[in-house]
Amino acid sequence: MSSPPFKIRPARIRDLPRITTVCLAGLPDDPTFDFLWRYAHEYPDDNYFFWLQRFKDDLYDPKKTFLVAVESADRHKDEESGEPRETIVAFAVWERNDTASHIPHLISQLVRKEFTRRDGDVKRTAAFLEVMDKVHAKYWEKKYAQNYHLELLATHPDYRRRGAGTLLSQWGIDQGLAAGIDIGVEASPMGFRLYSQLGFTLEETLMVEVEGDDAKLKVKVMVYDKSKESLKA
Ligand SMILES: CC(C)(COP(=O)(O)OP(=O)(O)OC[C@H]1O[C@@H](n2cnc3c(N)ncnc32)[C@H](O)[C@@H]1OP(=O)(O)O)[C@@H](O)C(=O)NCCC(=O)NCCS
């Protein structure tokens, strides 16, 4: 197989608008997006601002590693200056949990008085957080108490199936293996195929639902199967 046309590097503050664009082009293919940010089409500015704000928080969170996959610089040159120009095609946020915490700002962003978001569904978000709390308590705080946890991953639709998701996922797998700790994720349907191929196995599928609301969301908890490493050696 030829090497992927992308490389990965840490994200920088000036990348955040492009990362937000990649996110809003790519993440809606994860059913979680429409489930939670149900009104994003009506309030695109609220949605854009939330993600930009969240990414700024992620970038400065010492527990997190924010990575981007970029198209190799030499493939694009600026027409005027001739300088190499990168295009961010995908991003991932990995969190190293020794004591777990997760998306604590999600619900507060929806209800905070000084900035009330209009793009999200408060009941669905509350139900989602309840399930995620269970997942974190059971898996990322108990069963696999030390872990690298993949919080977010998206590839821009124009750049899919070319290895960016693999590179960004493999980074966390390598970190986890080097540190001797576990590696976990809650997978979307598209992520599930990628993570299965990389060696993650399914632990449990949980359902997020709200009374009187027909929409349901599946949360698939996956953990990297380290036993396969000894077979590779
Ligand atoms: C999941 C996602 C990040 C994968 O990104 P990507 O850059 O296309 O991933 P890769 O090119 O590294 O794919 C690697 C492998 O995963 C599997 N895979 C990825 N997307 C797939 C798809 N749509 N259908 C079937 N297999 C798929 C394939 O085995 C693929 O290898 P192949 O192309 O050689 O067959 C991307 O589809 C995406 O952004 N989806 C929407 C957001 C999302 O669901 N994020 C994950 C949240 S947990």
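Read the numbers this way: they start at 1 and go in the same order the structure lists the ligands and their atoms.
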Just jot down the ligand 1 atoms closer than 4.0 angstrom to any heavy atom of [X], in number order.
X: Asp29; value: 41 (C)
X: Gly163; value: 10 (P), 11 (O), 12 (O)
X: Glu186; value: 48 (S)
X: Arg193; value: 21 (C), 22 (C), 23 (N), 24 (N), 25 (C), 26 (N), 27 (C)

For this session: Kindly compute the distance separating CG (Asp15) from CZ (Phe66), expressed to the nearest 0.5 Å.
Result: 8.5 Å

For this session: Kindly compute the distance separating CD1 (Ile183) from CD (Gln146), expressed to the nearest 0.5 Å.
Result: 12.5 Å

Between [options], flag the one that comes closest to [atom] by a heavy atom.
atom: atom 8 (O) of ligand 1; options: Arg161, Arg162, Met190; value: Arg161
atom: atom 3 (C) of ligand 1; options: Val185, Leu153, Leu168; value: Leu153
atom: atom 1 (C) of ligand 1; options: Gly191, Ser196, Pro189; value: Gly191

Exercise. With a cut-off of 6.0 Å (strictly less than), are more than 12 heavy atoms of other residues, nucleotides or ligands near CD of Glu209?
Worked result: yes

For this session: Check the surroundings of atom NZ in Lys220: do more than 12 heavy atoms from other residues, nucleotides or ligands lie under 6.0 Å from it?
Result: yes

Exercise. Does Asp225 use its side chain to pair, donor to acceptor, with the backbone of Thr201 at less than 3.5 Å?
Worked result: no

Problem set entry | Backbone of Phe6 reached by a side-chain donor or acceptor of Arg162 within 3.5 Å | no

Do any nitrogen or oxygen atoms of [X] lie less than 3.5 angstrom from nitrogen or oxygen atoms of ligand 1?
X: Tyr159; result: no
X: Gly165; result: yes
X: Asp30; result: no
X: Thr166; result: yes

Seminar exercise, completed: Between Leu36 and the options Asp121, Thr125, Val122, Val208, the side chain to side chain contact (heavy atoms under 4.5 Å, CB included) test singles out Thr125

For this session: Work out which heavy atom in Met222 is nearest to a heavy atom in Tyr195; give both atom names and the distance.
Result: SD-CB, 3.9 Å

For this session: Quick one: look at Phe33 and ligand 1, take heavy-atom pairs under 4.0 Å, and tell me if it's side chain, backbone, both or neither.
Result: neither

Exercise. Ligand 1 versus Gln197, non-hydrogen atoms closer than 4.0 Å: side chain, backbone, both, neither?
Worked result: side chain

For this session: Answer yes when Arg54 and Glu151 have at least one side-chain N-carboxylate O distance shorter than 4.0 Å, and no when they do not.
Result: yes

Problem set entry | Verdict with reasoning, Arg18 to Thr21, per side-chain contact (heavy atoms from CB on, under 4.5 Å) | CA-CA 5 Å; Arg18 169 65 185 169; Thr21 300; 4.2 Å; yes

For this session: Using non-hydrogen atoms of the residue, decide whether His156 is closer than 4.0 angstrom to ligand 1.
Result: no

Exercise. Does some non-hydrogen atom of Gly26 fall short of 4.0 Å from ligand 1?
Worked result: yes

